[in-house]
Number of protein chains: 2
Amino acid sequence: MNERSNSQREGSRAEASANAIVFIVEDDVSMRRSLTNLFQSVGLDVVAFGSAREMLQSKLPDVVSCLVLDVRLPGLSGLEFQTELAKSNIHIPIIFITGHGDIPMSVRAMKGGAVDFLTKPFRDQELLDAVIAATERDRKRRAAEQTVVNLKSLFETLSPREQAVMKLVATGLMNKQIAAELGLAEITVKIYRGHVMKKMRARSLADLIRMTETLGLRANRPEQT
Amino acid sequence: MNERSNSQREGSRAEASANAIVFIVEDDVSMRRSLTNLFQSVGLDVVAFGSAREMLQSKLPDVVSCLVLDVRLPGLSGLEFQTELAKSNIHIPIIFITGHGDIPMSVRAMKGGAVDFLTKPFRDQELLDAVIAATERDRKRRAAEQTVVNLKSLFETLSPREQAVMKLVATGLMNKQIAAELGLAEITVKIYRGHVMKKMRARSLADLIRMTETLGLRANRPEQT
DNA sequence: AGAACAACTATACCTACGTTTGTAATGCGC
DNA sequence: GCGCATTACAAACGTAGGTATAGTTGTTCT
């Protein structure tokens, strides 16, 4: 129904950002085909759609990617689609292309986090540069996200009490204070604390504190200056 | 030479973002005057210039502010001015206004961090909303910046040796390891470490670690997962 | 019923951390 | 030369952190 070309993935040349997928949403068939060819010619994988709904209905693979999106589309417009993706917590970097755009459109797109907003006709290289920038942005976002996810899954291996102790340790309380706070004996806190260090794979308290920062933990009580 | 109207700062009504300054750079005198009136009418202080150079030559007060900037200007253009300000590490949020803009201009401006890019004619409320958003952004940036500056000045009260100890503490080393690293006796490290806690006003190790994060410290040796 | 685990505590012991008091050499500014 | 900050260490002491061993409940899964 639409060209779903998981291109020549081994093209002997090692282009920058190989293995990244470029999604295309563009209703004009010839434009869609020429975009597909352009990206494939530099070794990028391409998945193209004719409308926003088609893309929403397909399940997106969880790899580094970006989206080249026509502003004017049948059904959901490009800008509306951008809003929808944001609402659905899909953070794919978007490059808009348009033949008949105006400034308010471009400003709205950029405010919404778009990587670029190109007007037809544009030079191939402009678009490729934007795609490189976009995939790079996605790669970084994914790396950061992965760090958080990894830490979260470690954190979830902690028993509720261990989690509570970890939070209070992160706020800088002493074991005896934590014990008082939770109605425990100090020795119990020490033991849970030991469990926390092991399960979180923290090599030092400094390490653990940084993990709590990344996780956005920290029990109510204020501290920091 | 240009209207430098530090408006009616006590207008009985307590508008949002009072005490903020709106800078205006606009060569058209009547436009400049009407912008000035608009902002003053809602209780904002205004400082207006006819060109980018005039603004660069005046010393900018260190308070929450934003810049309403015409894209088309004699001498340095609005976009060039934006670049100059960034190069000079001046982070004032910019709202562009223009009569004859195009999409590439607006995209460049937004990529450069502009808050908004309005085309004439625009409704007063649009501009005011943008100014509110811009001053709010500046307020937050300044608060974050101030935190860092405060910590930096505390850090600079530390002797070189104390700073070195602090960095190694932040990496999670034990006192004896720090001592080995610096060629000191452990007792010496303990004493310096005590100085560090006092001088940095850290109430706990967790507190100190977070300070080092904010300061971007951390000696070479990797740790974090 | 029995295994497995979470939660909780105690005794004992060891290490790490932190402070106080005191000593001493070096170097800088006035 | 005097004062002062910095760097450095020691002895002594007290507190905080951490582990091992061992034991009691209580729940849940099988």
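Lettering of chains follows the sequences in order, A, B, ..., and the numbering in each one begins at 1. Just the heavy atoms: all of them, side chains too, but no hydrogens, waters or symmetry mates, feed the values below.
- Rounded to an integer number of Å, the gap from B:Lys176 NZ to D:dG17 P is 18 Å.
- To the nearest angstrom, P of D:dA20 lies 17 Å from OH of A:Tyr192.
- Computed from coordinates, the A:Asn175 CG to C:dA10 P distance equals 15 Å when rounded to whole Å.
- Under the 3.5 Å distance criterion, the side-chain polar atoms of B:Ser65 are matched with a main-chain donor or acceptor of B:Val63.
- With C:dC17, D:dT19, D:dT7 as the candidates, the nucleotide lying closest to the side chain of B:Arg161 is D:dT7.
- OP1 or OP2 of C:dT9 has at least one side-chain nitrogen or oxygen of A:Thr188 nearer than 4.0 Å.
- The B:Lys199 side chain lies nearest to D:dT6 when the options are D:dT6, D:dC9, D:dG17.
- Regarding B:Ile191, its CD1 atom lies at a distance of 9 Å from the C1' atom of D:dA10, rounded to whole Å.
- A:Leu184 has its CG atom 14 Å from the C1' atom of C:dA10, to the nearest Å.
- Residue B:Leu182 contributes atom CG, which lies 17 Å from atom P of D:dT6 at whole-angstrom precision.
- Following rounding to the nearest Å, A:Ile187 (CD1) and D:dT15 (P) show an atom-to-atom distance of 18 Å.
- Taking every side-chain heavy atom of B:Ser159 into account, D:dT6 is the closest of C:dT9, C:dT19, D:dT6.
- For A:Ala185, whose side chain is taken as the heavy atoms from C-beta onward, the closest listed nucleotide among C:dA10, D:dC9, D:dG18 is C:dA10.
- Ring planes of B:Phe117 and B:Phe96: tilted class, angle from 30 to 60°.
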